[in-house]
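Inspection log for the structure reproduced underneath, given as structure tokens.
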Amino acid sequence: MNKAEKERLARVGAKFNVKKYIAEEIEAIRQQVGDKKVLLAMSGGVDSSVCAVLLHKAIGKQLTCVFVDHGCMRLNEAKEVKNIFKGKFGINLICVSAEKRFLEKVAGVTEPEQKRKIIGGEFVRVFEEEAKKLGKIEFLGQGTIYPDIAESGVGGHKAVKAHHNVGGLPKDMGFEGLVEPVKYLYKDEVRAVGKALGIPTNMVMRQPFPGPGLAVRCLGELTKEKLDILRKADFIFREEMAKAKLDKKAQQFFAVMTNVKSVGVRNGARTFGYVIAIRAVSTQQFVQAGVVQLPFKFVVDVAGKIATQVKGVNRVVWDITPKPPATIEWE
Ligand code: XMP
């Protein structure tokens with residue numbers, strides 16, 4: 001048993017008990033934080049959401065969350081985060097609409113790694129600016145989960161992509177310490193805690209969404225026009241997957257803006273519109289992934305819906321490539 005495993009056993013026990021975990025963690029947070037303050041970067045993803053609600057239960061208004069909308073979020077995502085966490089839970093949440101700022105930074109950039117790095121770097125700057133405005137905050141909350149720490153330090157494999165997520169904040173931001181209330185939990189345990197805390201099912205069951213968001217699904221230069229088209233196409237696909245109850249069959253499913261334009265016809269007139277790709281994969285650990293064999297009629301219907309309902313799109317293709325050789329995301 002390595003150090004991380006021993007720590008998990010000590011904290012979680014041999015059998016995970018949600019209620020007990022929540023009660024103990026709330027107590028542990030109160031012990032650690034006392035009357036000091038905590039700042040948390042929320043992404044709208046499962047881990048940081050559960051972390052936020054747990055911290056809020058423990059220390060209420062001593063917690064401030066910051067959600068940065070970098071303009072590459074899915075349709076209605078920023079609104080949903082605000083409604084749920086500020087509205088339903090009453091969490092002290094600051095939503096920063098920074099779409100314009102991010103898009104200006106990446107204007108003209110087409111190289112995928114460069115796009116990722118610019119977005120990651122800008123995210124840190126926006127977060128730091130917000131933190132400064134708030135004055136002294138002693139602790140940084142983080143939605144680190146057990147696989148993050150269990151896998152770190154294993155090393156040896158070459159990073160395929162420069163991953164960025166909201167946990168990736170610099171170490172020198174001047175905080176006294178970290179508060180990581182879900183650090184020893186596996187993903188399914190984090191979801192169970194979230195459910196027990198009353199976070200809506202669609203939020204706790206969310207598929208993983210990369211830190212740079214739609215930026216890694218919008219090929220070539222990032223523009224508001226392309227991102228808006230992608231958001232609409234992606235929303236239709238995800239909604240249809242849920243309606244057809246196919247969403248349980250895939251760990252990740254989404255639309256991609258290919259940046260290719262092709263000729264089509266609408267109402268008897270020629271169109272020149274974008275090609276959207278759809279992708280659904282099943283995977284355990286995201287290191288390998290298989291293509292989900294969606295019913296063919298379903299795929300054809302979705303393609304028809306996207307191509308007719310989303311202005312600017314006249315063709316839809318289905319990505320049927322496993323990982324490897326393809327990665328899950330297109331960039
Ligand atoms: P790939 O595309 O490398 O993705 O097969 C594997 C898994 O990682 C997610 N992913 C990211 N997650 N920040 C994240 O937090 C990122 O920059 C990032 N890039 C990819 C991807 O969605 C998949 O689940």
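We count ligands from 1, going down the list as the structure has it; atoms in each ligand are counted the same way.
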- Start with the C-alpha distance between L63 and C65, add both sets of side-chain angles, then the distance that settles side chain to side chain contact (heavy atoms under 4.5 Å, CB included), and finish with yes or no. CA-CA 7 Å; L63 168 74; C65 296; 3.8 Å; yes

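- Counting atoms of ligand 1 from 1 in the listed order, those under 4.0 Å from a heavy atom of T327 are 1 (P), 2 (O), 5 (O).
- In summary, the atoms of ligand 1 found under 4.0 Å from a heavy atom of G211, numbered by their order in the structure, are 13 (N), 14 (C), 15 (O), 16 (C).
- Annotation: F139 is not in aromatic contact with F175 [ring centroid separation under 6.0 Å not met].
- Salt bridge K195/E189: absent, no basic N to carboxylate O contact under 4.0 Å.
- Cation-pi geometry between R238 and F254 is not satisfied (NZ or CZ under 6.0 Å from the ring centre, within 45° of the ring normal).
- The distance criterion of under 3.5 Å between nitrogen or oxygen atoms is not met by P208 with respect to ligand 1.
- Taking 4.0 Å as the cut-off, Q251 does not count as a neighbour of ligand 1 on heavy-atom distance.
- Close contacts of ligand 1 with P210, meaning ligand atoms under 4.0 Å from a residue heavy atom, involve 10 (N), 11 (C), 12 (N), 13 (N), 14 (C), 16 (C), 18 (C), 19 (N), 22 (O).
- The aromatic rings of F237 and F298 lie tilted to each other, with the angle between the two planes from 30° to 60°.
- Taking a cut-off of under 4.0 Å to the non-hydrogen atoms of K323, the atoms of ligand 1 that pass are 1 (P), 3 (O), 5 (O), 6 (C).
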Could you list the donor-acceptor pairs under 3.5 angstrom formed by side chains in residues 314-322, with sequence neighbours left out?
| from | atom 1 | to | atom 2 | distance (Å) |
| --- | --- | --- | --- | --- |
| N314 | OD1 | S262 | OG | 3.3 |
| N314 | ND2 | S262 | O | 2.9 |
| N314 | ND2 | T271 | OG1 | 3.0 |
| R315 | NE | S262 | OG | 2.8 |
| R315 | NH2 | V263 | O | 2.8 |
| D319 | OD1 | R279 | NH1 | 3.3 |
| D319 | OD1 | T321 | N | 3.0 |
| D319 | OD1 | T321 | OG1 | 2.7 |
| D319 | OD2 | R279 | NE | 3.3 |
| D319 | OD2 | R279 | NH1 | 3.1 |
| D319 | OD2 | W330 | NE1 | 2.8 |

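- For the pair R217 and ligand 1, the shortest N or O to N or O distance does not fall below 3.5 Å.
- Annotation for ligand 1: atoms under 4.0 Å from non-hydrogen atoms of P212 are 13 (N), 16 (C), 17 (O).
- Note on ring orientation: taking the six-membered ring where Trp is involved, the planes of H70 and F102 are perpendicular (angle over 60°, cut-offs 30° and 60°).
- Close N/O approach between I328 and ligand 1 is found [any backbone or side-chain N/O within under 3.5 Å].
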